[in-house]
Amino acid sequence: MEQILTVGLGDRSYPIYIGSGIMPRLGQYLRERLHSRRYAIISDHKVEALYGEQVLQSLRAAGLEGELFSFPAGEASKELATIAQLASTMAQRNFDRADAIVALGGGVSGDMAGFLAAIYMRGIPFVQVPTTLLAQVDSSVGGKTGVDIPEGKNLIGAFYQPRLVLIDTDVLQTLPQDEFLGGMGEVIKYGASLDADFFHYLEAQQEKILAQDRACLNHVIHHCCTLKAKVVEQDEREGGLRRVLNFGHTIGHAVEAASDYSLLHGFAVAIGMCAVTELAERCGYASAGLRREIATLLTVYGLPADIPPKLDRARIRRFMLTDKKSVGRRLFFVLPVELGKVMVTDQIDATALDKVLAAS
Ligand code: NAD
Ligand code: GLY
């Protein structure tokens with residue numbers, strides 16, 4: 001029925017369930033896997049309207065209590081003010097350490113609910129129930145939680161692992177097409193940076209994936225979670241290896257922030273992957289043609305390859321300098337060396353970077 005993966009982190013290990021029909025049985029999964037009997041379900045208004053009642057009902061059916069707390073959908077809500085408001089409401093409703101949080105929604109809900117779980121009463125358990133493709137293949141796994149501040153994306157946060165990840169692939173049926181394509185940006189990231197065979201699978205199965213063929217999508221989600229789990233198990237707190245998961249993100253995050261978040265995250269990552277691959281080619285780390293190969297696949301999936309001409313290059317540069325991969329003002333990039341293989345370096349030719357930012 002459902003497939004089960006494990007993220008192996010010693011006594012903080014947790015399972016990921018992937019399959020159809022999980023959401024209506026959510027209460028059962030919680031009852032079987034967690035001790036808590038009362039859950040704060042954190043979601044955005046859109047996801048609450050679509051799935052909130054179903055989730056509450058499934059908790060009731062399992063003999064559990066649930067209360068929904070929601071906020072306006074979108075990246076603009078991913079800020080400290082929302083966290084403060086949610087924490088106050090939970091405290092007014094007497095949630096305590098015996099209770100737990102369910103993150104119901106996309107990466108914004110997951111990042112915020114996870115951060116709230118990390119700091120509420122100095123930490124309470126939480127469960128990820130991702131409802132976008134992006135969250136199902138990436139953000140719900142690995143324990144990165146946090147919020148944005150005006151100076152940059154995800155600059156406040158904590159590593160805090162969920163107790164359980166429940167991925168119901170049925171919920172993708174209500175996801176708007178551009179959000180689905182944004183998720184494909186992160187999917188292609190896995191192929192381009194970690195697994196050339198998977199990249200070729202995405203090329204070969206483009207029609208079926210774009211038609212959201214169930215078997216293909218299950219394979220894609222399972223494979224991405226497997227790749228991510230392997231990396232996180234070796235480097236949970238991004239001391240080294242985990243940085244490879246940020247392929248496309250140094251320039252991507254800066255482009256996303258410079259667009260005032262009008263660009264979806266996955267679209268910004270697509271642009272960032274092409275820019276950084278061009279940088280790798282210009283610096284001689286990758287052979288000519290790699291950018292074209294990656295850009296071609298992104299285009300097939302309706303994703304952009306170039307930095308929008310109207311975006312202010314100086315702002316992009318400023319946001320790049322606040323990237324969490326910069327150390328002592330040295331900016332590190334995750335550069336592809338060939339399809340499925342990346343390296344991390346700060347040895348970048350400044351003229352090449354100027355050309356990438358100017359010419360893209
Ligand atoms: P999101 O959470 O804003 O969701 C996108 C939109 O889809 C929202 O409007 C939401 O209401 C709607 N939606 C969600 N599920 C739906 C469904 N099943 N049907 C219909 N509509 C639905 O954005 P996202 O793209 O999921 O996540 C982006 C965020 O994830 C960014 O903040 C990014 O920084 C973060 N992220 C975090 C990690 C991590 O490791 N923690 C990794 C990648 C991205
Ligand atoms: N999305 C990058 C990471 O989880 O490390």
Side-chain angles (χ1 to χ4, degrees), residues 7 23 42-52 54-55 70-79 82 103-115 118 128-148 152-162 165 167-187 189-190 193-194 212 224-225 227-232 234-250 252-253 256-257 261 263-269 272 324-325 334:
V7 183
M23 191 82 97
I42 309 288
S43 198
D44 70 35
H45 292 338
K46 282 194 205 165
V47 176
E48 176 187 22
L50 285 166
Y51 298 107
Q54 185 185 46
V55 165
S70 64
F71 54 85
E75 186 76 24
S77 287
K78 202 174 125 177
E79 57 171 1
T82 315
L104 174 70
V108 168
S109 299
D111 282 10
M112 279 210 298
F115 184 50
Q128 287 274 16
V129 184
T131 62
T132 61
L133 179 63
L134 183 142
Q136 296 189 344
V137 299
D138 194 343
S139 61
S140 64
V141 175
K144 274 191 184 174
T145 72
V147 294
D148 308 329
K153 222 174 128 53
N154 299 331
L155 290 189
I156 303 286
F159 287 99
Y160 194 64
Q161 300 295 341
V165 181
I167 300 179
D168 186 340
T169 50
D170 292 345
V171 301
L172 296 180
Q173 285 164 19
T174 57
L175 192 64
Q177 176 72 356
D178 60 339
E179 298 291 353
F180 178 79
L181 298 177
M184 285 306 301
E186 295 280 11
V187 170
K189 174 195 80 176
Y190 285 105
S193 59
L194 290 175
Q212 299 199 22
C224 292
C225 289
L227 289 171
K228 182 153 186 184
K230 272 192 202 146
V231 172
V232 170
Q234 293 172 71
D235 178 21
E236 182 187 4
R237 297 175 75 87
E238 206 166 288
L241 174 72
R242 186 166 178 168
R243 293 198 284 185
V244 301
L245 295 175
N246 296 319
F247 174 52
H249 284 61
T250 304
H253 273 167
E256 188 182 357
Y261 300 102
L263 268 173
L264 292 183
H265 178 73
F267 283 55
V269 169
K324 291 189 297 311
K325 286 176 296 309
V334 184

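Atoms within a ligand are numbered from 1 in the order they appear, just like the ligands themselves. For reference, positions follow the sequence shown, starting with 1.
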Item to check | Closest heavy-atom pair and its distance - Phe247, Ser193 | outcome: CD2-CB, 3.7 Å
Checklist entry - At what distance is the nearest protein heavy atom to atom 4 (O) of ligand 1, and which residue and atom is it? => result Thr132 CG2, 3.6 Å
Item to check | Location of contacts on Lys228 toward ligand 2, heavy atoms closer than 4.0 Å | outcome: side chain
Next on the checklist: Taking the side chain as everything from C-beta on, heavy atoms only, tell me whether Asp170 gets closer than 4.5 Å to Met23.
Outcome noted: no
Next on the checklist: Would Val108 count as being in polar contact with ligand 1, using the rule that some N or O on each side must be under 3.5 angstrom apart?
Outcome noted: yes
Item to check | Atoms in ligand 1 with a heavy atom of Lys144 nearer than 4.0 Å | outcome: 40 (O), 41 (N)
Checklist entry - Rounded to the nearest 0.5 Å, what separation is found between the CD atom of Glu48 and the CD1 atom of Ile42? => result 10.5 Å
Item to check | Residue pair Ala113 / Ala103: nearest heavy atoms and the distance that separates them | outcome: CB-CB, 3.5 Å
Checklist entry - Counting heavy atoms only, which part of Asn154 comes closer than 4.0 Å to ligand 1: side chain, backbone, both or neither? => result side chain
Checklist entry - Glu75 heavy atoms, cut-off 4.0 Å: which ligand 1 atoms fall inside? => result 31 (C), 32 (O)
Checklist entry - In terms of residue, atom name and distance, what is the protein heavy atom nearest to atom 15 (N) of ligand 1? => result Thr131 OG1, 2.7 Å
Item to check | Region of Thr174 engaging ligand 1 - heavy atom pairs below 4.0 Å | outcome: both
Checklist outcome for this item: protein heavy-atom neighbour closest to atom 5 (O) of ligand 2 works out as Arg242 NE, 2.7 Å
Item to check | Considering all heavy atoms, the nearest Glu236-Arg242 contact | outcome: O-NH1, 2.9 Å
Checklist entry - Can you list the steps and then say if Tyr51 with Thr174 is a side-chain hydrogen bond (donor to acceptor under 3.5 Å, both in side chains)? => result CA-CA 10 Å; Tyr51 298 107; Thr174 57; 2.6 Å; yes
Next on the checklist: Please state which option from Pro72, Pro130, Gly107 has its nearest heavy atom closest to atom 24 (P) of ligand 1.
Outcome noted: Gly107
Checklist outcome for this item: So CD of Gln136 and CG of Leu175: to nearest 0.5 Å the spacing works out to 8.5 Å
Checklist entry - Looking at atom 22 (C) of ligand 1, what's its closest protein heavy atom, distance included? => result Leu175 CD1, 3.7 Å
Next on the checklist: Which of the numbered atoms in ligand 1 are under 4.0 angstrom from any heavy atom belonging to Gly106?
Outcome noted: 2 (O), 26 (O)
Checklist outcome for this item: Note: heavy atom closest to atom 44 (C) of ligand 1, options His265, Arg242, Gln128, belongs to His265
Next on the checklist: Suppose I only count heavy atoms of Tyr51 and a 4.0 Å limit; which atoms of ligand 1 are within that range?
Outcome noted: 18 (N)
Next on the checklist: Would the distance check show the side chain of Glu186 and the main-chain N or O of Gly182 forming a donor-acceptor pair, the cut-off being under 3.5 Å?
Outcome noted: no
Next on the checklist: Is there a polar contact between ligand 2 and Lys144, counting only N or O atoms under 3.5 Å apart?
Outcome noted: yes
Item to check | Region of Asp138 engaging ligand 2 - heavy atom pairs below 4.0 Å | outcome: side chain
Checklist entry - Nearest protein heavy atom to atom 10 (C) of ligand 1, by residue and atom, and its distance? => result Asp44 OD2, 3.3 Å
Next on the checklist: On a heavy-atom basis, I'd like to know which of Asp111, Val269, Leu50 is closest to atom 37 (C) of ligand 1.
Outcome noted: Asp111
Next on the checklist: Using the rule side-chain hydrogen bond (donor to acceptor under 3.5 Å, both in side chains), only one of Glu238, Lys189, His253 pairs with Asn246; which is it?
Outcome noted: Glu238
Checklist entry - For ligand 1, which atoms sit closer than 4.0 Å to a heavy atom of Glu179? => result 5 (C), 6 (C), 7 (O)
Next on the checklist: Within this structure, what is the NZ-CG distance for the pair Lys144 and Asp138, rounded to the nearest 0.5 Å?
Outcome noted: 8.5 Å
Checklist entry - Which protein non-hydrogen atom lies closest to atom 13 (N) of ligand 1, naming both residue and atom, and how far is it? => result Val47 CG2, 3.7 Å
Checklist entry - So how far is it from Leu227 CG to Leu194 CG, rounded to the nearest 0.5 Å? => result 6.0 Å
Checklist entry - Going by heavy atoms in the side chains, are Ser139 and Leu134 under 4.5 Å from each other? => result yes
Checklist outcome for this item: A student checking ligand 1 against Ala73 at a 4.0 Å heavy-atom cut-off should list atoms 9 (O), 11 (O)
Checklist entry - Who's the nearest protein heavy-atom neighbour of atom 38 (C) of ligand 1, and how far? => result Ser139 CB, 3.2 Å
Item to check | Atom indices of ligand 2, in the order listed, that fall short of 4.0 Å to a heavy atom of Asn246 | outcome: 2 (C)
Checklist entry - Does ligand 1 have an atom under 4.0 Å from some heavy atom of Gly110? => result no
Item to check | Closest heavy-atom pair and its distance - Thr131, Leu104 | outcome: CG2-CD1, 4.1 Å
Item to check | Shortest non-hydrogen contact between Pro130 and Ser140, atoms and distance | outcome: CG-OG, 3.5 Å
Checklist entry - Looking at atom 33 (C) of ligand 1, what's its closest protein heavy atom, distance included? => result Lys153 NZ, 3.6 Å
Item to check | Distance from atom 21 (N) of ligand 1 to nearest protein heavy atom, with residue and atom | outcome: Pro176 CD, 3.7 Å
Next on the checklist: At under 4.0 Å between heavy atoms, is it the side chain or the backbone of Val232 that contacts ligand 2, or both, or neither?
Outcome noted: neither
Next on the checklist: Suppose I only count heavy atoms of Lys228 and a 4.0 Å limit; which atoms of ligand 1 are within that range?
Outcome noted: 40 (O)
Item to check | Heavy atom of Glu186, distance to ligand 1 below 4.0 Å | outcome: yes
